[in-house]
There are 2 protein chains.
Amino acid sequence: MTQEIKRLLIDSIDTVPDFPKQGIKFKDITTLLNKPEAFSQLMNHLQNRYKDIKIDYIVGLDARGFIFGSVLADRLNKGFVALRKRGKLPGETIKERYELEYGYDEVELRTNCFEGKKAKVLVVDDLLATGGTAKASAKLIHRLDATVVEFCFVIGLPELKGKDQLIDTAPVYTVLEF
Amino acid sequence: MTQEIKRLLIDSIDTVPDFPKQGIKFKDITTLLNKPEAFSQLMNHLQNRYKDIKIDYIVGLDARGFIFGSVLADRLNKGFVALRKRGKLPGETIKERYELEYGYDEVELRTNCFEGKKAKVLVVDDLLATGGTAKASAKLIHRLDATVVEFCFVIGLPELKGKDQLIDTAPVYTVLEF
């Protein structure tokens, strides 16, 4: 990625102080999505990165991961799988819980989401913070006899050490770090 | 759309009985997304429908509307705007409430999502049921001095009369009806 494109992407991401709570500087990628040039350059970069890698499915994490994951799946002509927070998927599902600051939450996959055996999966989300959701996602993917080729995030926050949670499972790629 | 493609799409959508509650036959488009051929044919159809229409932004409704909306925005090289359920968007937002069976919920838009004046907007979601969310979305779009060019849904459920809620605002297009 050229410095010019990197600058375009960074400038398109809004930083909102004290969201969702006091002291957090929230990186908002919705402002990047509003700008076709920035969004398209970002997707060109990801398409180029993954075009020659053997991938069967792209799993997008609920909900902003749906955006980058589905566009990448469309561009690479791969199946797209929506990994959802609990209670959103119908039919037979499997669940994994992950810890929140207080309590826990769950993510789910439909058991029929990967056709055939040993699917190769790229996990996509907008942002890597502590890595809890992505780690739970990988557990679900493994339980369905598939493997994670890579974790791909638009933004990484290295301070929160999310990579440490994931690196034993698969490589972790972040387009931008803050 | 040819009958063959229509059949492919219909066969790719799973019907799950009694979700999210007793008596409802849930149309699940996640099974269509898993299949690159079906997903791609659907998006070809939508791209073709909107390619010559003046649109500035595509607004995708939280959360499955993000999938079809962002892919369409990418293919048409338009800005994508994520309309979210309450509490998910940072920064300055405007809100509209809409009725649920019991109580109500709210949708939000960031106030800076449309650049310039009088943006032309296509609203995209996976499914039109009663039309409550889409109607609230249109109100938000109007409050930001933009106009709705069309409401576009992958699936319509005519029994629930969602079109009646929306038709005074803009045309309503559904790819498939059940």
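Everything numeric in this text was worked out from a predicted model, so none of it was measured. Proteins come first, then strands; the chains are lettered A, B, ... in the order of their sequence lines, and each starts at number 1.
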Do NZ/NE/NH1/NH2 and the carboxylate oxygens of [X] and [Y] come within less than 4.0 Å?
| X | Y | value |
| --- | --- | --- |
| Lys85(B) | Asp105(B) | no |
| Asp125(A) | Arg64(A) | no |
| Glu177(B) | Lys27(B) | no |

Flag the one option from [options] with the top tally of heavy-atom pairs under 4.5 Å to chain B.
| options | result |
| --- | --- |
| Glu115(A), Lys88(A), Glu37(A) | Lys88(A) |
| Asp62(A), Leu89(A), Thr31(A) | Leu89(A) |
| Gly91(A), Cys113(A), Pro90(A), Ala63(A) | Pro90(A) |
| Thr30(A), Asn34(A), Leu32(A), Asp18(A) | Asn34(A) |

Under the salt bridge (Lys or Arg N to Asp or Glu O under 4.0 Å) rule, what do Glu96(A) and Lys135(A) come out as? Steps first, then yes or no, please. CA-CA 10 Å; Glu96(A) 277 286 341; Lys135(A) 194 177 182 185; over 6 Å; no
Please look at Ile58(B) and chain A and tell me whether the side chain, the backbone, both or neither of the residue comes under 4.5 angstrom of a heavy atom of that chain.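 Neither part, no heavy atoms under 4.5 Å.
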Asp56(B) versus chain A, heavy atoms under 4.5 Å apart: side chain, backbone, both or neither? neither
Strictly less than 4.5 Å between heavy atoms, which residues of residues 69-81 of chain A line up against chain B? Please order them by number.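 So far as heavy atoms go, Ser70(A), Val71(A), Asp74(A), Arg75(A), Asn77(A), Lys78(A), Gly79(A), Phe80(A), Val81(A) are the residues that approach chain B to under 4.5 Å.
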Are Arg49(A) and Tyr173(A) in a cation-pi setup, meaning NZ or CZ lies under 6.0 angstrom from the ring centre and within 45 degrees of the ring axis?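 Yes, Arg49(A) sits over the ring of Tyr173(A).
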Are Ile13(B) and Leu127(B) joined in one hydrophobic group, where the rule is that I, L, V, M, F, W and Y side chains link up if heavy atoms are under 4.5 Å apart? yes
Answer yes or no: does atom CD of Gln47(A) have more than 12 heavy-atom neighbours from other residues, nucleotides or ligands under 6.0 Å?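 Above 12, so yes.
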For atom NZ of Lys120(A), is the number of surrounding heavy atoms from other residues, nucleotides or ligands below 6.0 Å larger than 12?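 No, not enclosed.
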Working note: Phe26(B) + Phe19(B), criterion ring pair (Phe, Tyr, Trp, His ring centres under 6.0 Å); need CA distance, chi angles, decisive distance, verdict. CA-CA 6 Å; Phe26(B) 188 83; Phe19(B) 184 89; 5.0 Å; yes
